[in-house]
Amino acid sequence: MSHVQLAYEGPVGIITLDRPARFNSLDVSTAQDLRRAGLQMARDEKVRAVVLRASGSAFCSGADLKYIASGGDHDDLAYLTAARDVPEGYGERFKQILEYLHSTISEIRRAPKPFIAAVDGVAAAGGFGIAMSCDLVFASPRATFEWAYGKTGLTGAESSTFLLPRLIGLRRAMELMLLNPRLGAYDAVRLGLVTRVLPQESFDAGVLGVAREVAEGPTRAYGVAKALINQAAGVDRIDFHLDQELQHLVRSANSPEFKEGLRAFFEKRPAAFTLPDSEATRA
């Protein structure tokens with residue numbers, strides 16, 4: 001696991017996204033490794049709580065857009081070329097990443113133990129969704145949270161459209177989607193996205209301390225209670241919604257809007273989204 005590291009502190013398992021040069025964004029191999037790590041920690045009975053953290057100055061910026069734009073890795077898409085040509089557009093490249101990532105998120109929600117996100121830096125797009133899928137979210141004062149999908153003309157994935165209205169309500173979820181504010185750590189606590197802000201100078205130790213406290217509790221009882229709370233909140237239906245997110249994001253990644261959004265991302269300018277002439281006339 002070259003970009004995902006595993007460690008153990010007694011009964012606490014620690015998963016670290018370790019791709020700081022790319023803001024801990026996910027290409028296919030990193031998404032695969034994260035899925036393996038999530039499965040391993042979720043199913044290891046000796047692990048009673050799991051911390052998901054990242055190295056460097058970002059938590060996770062989602063799918064690696066540089067990887068997407070460059071065409072991905074040939075080996076990642078080789079299974080497609082055996083039967084047919086790889087479809088034009090960017091959707092198939094996103095699909096390879098999201099299938100692994102969505103499986104990881106599903107495992108986090110169904111795991112019979114607590115998963116704790118430690119966000120020390122930027123959590124945007126897919127990184128935002130990964131953090132929100134955890135049972136507890138702790139942030140450092142320098143952490144920020146951003147929907148970000150709309151900047152590149154994407155529809156949202158990684159559980160974000162499923163969990164946001166459940167966490168903060170419909171009206172605020174629409175605000176984050178349409179206006180895309182970059183939330184600081186304390187604003188995220190106020191909205192209900194983050195459990196607590198911990199001091200910067202002792203952040204890692206503080207998260208580990210909470211994880212140890214949780215790991216000392218009745219893990220089996222916590223697991224059952226987590227499942228019941230998931231059921232009460234409708235989170236037991238997350239797999240169906242993740243499939244819907246995947247299908248719609250793949251379509252949006254093949255659209256002219258995403259082509260413009262991707263171009264604007266690399267040119268470091270706001271995207272200029274416009275309707276085709278025929279649609280603009282009808283509007």
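All values below were derived from every heavy atom in this structure, side-chain atoms included, with hydrogens, water molecules and symmetry-related copies excluded.
- Look at R19 and D27 and you find a salt bridge, because one of the NZ, NE, NH1 or NH2 atoms lies within 4.0 Å of a carboxylate O, short of that distance.
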If you look only at distance, which donor and acceptor atoms sit under 3.5 Å apart when one is on a side chain in residues 116-139 and the other is two or more places apart or in another chain?
unit_1 : atom_1 : unit_2 : atom_2 : d
D120   : OD1    : S140   : OG     : 2.6
D120   : OD1    : R142   : NE     : 2.7
D120   : OD1    : Q200   : NE2    : 3.0
D120   : OD2    : R142   : NH2    : 3.1
S133   : OG     : I130   : O      : 2.7
D135   : OD1    : R109   : NH1    : 2.8
D135   : OD1    : R109   : NH2    : 3.3
D135   : OD2    : F115   : N      : 2.8
D135   : OD2    : K226   : NZ     : 2.9

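- Counting heavy-atom neighbours within 6.0 Å of R171 CZ, excluding the residue itself, gives a total of 12 or less.
- Here the side chains of C60 and F23 are not in contact, with every heavy-atom distance at 4.5 Å or above.
- Between P112 and A42 the shortest heavy-atom distance is CD-O, 4.1 Å.
- With respect to E175 and R172, no salt bridge is recorded, no charged nitrogen being found less than 4.0 Å from a carboxylate O.
- Closest heavy-atom contact between R166 and G234: NH2-O, 3.9 Å.
- Residues F94 and F258 place their aromatic rings such that the two centres sit under 6.0 Å apart.
- Looking at S106 and R110, their side chains do bring a donor and an acceptor atom within 3.5 Å of each other.
- Remark: the T161 side chain and the E245 side chain contain an N/O donor-acceptor pair separated by less than 3.5 Å.
- Legend: ring pair (Phe, Tyr, Trp, His ring centres under 6.0 Å) pairs involving residues 175-223, not counting sequence neighbours: none detected.
- In this structure, V250 and E92 have side chains that are not in contact, with every pair of non-hydrogen atoms separated by 4.5 Å or more.
- Salt bridge present: K46 and D44 bring a charged side-chain N and a carboxylate O closer than 4.0 Å.
- Taking a cutoff of 4.0 Å between a charged side-chain nitrogen and a carboxylate oxygen, R48 and E216 do not qualify as a salt bridge.
- Looking at heavy atoms from C-beta onward, L176 lies in side-chain contact with L164 at the 4.5 angstrom threshold.
- Salt bridge annotation for E107-K113: absent, with no cationic side-chain nitrogen under 4.0 angstrom from a carboxylate oxygen.
- Counted by atom type alone, R35 and S103 present one or more donor-acceptor pairs between their side chains at under 3.5 Å.
- Within a 6.0 Å radius of CZ in F240, no more than 12 heavy atoms belonging to other residues, nucleotides or ligands are found.
- For CD of E45, the number of neighbouring non-hydrogen atoms (other residues, nucleotides, ligands) closer than 6.0 Å is 12 at most.
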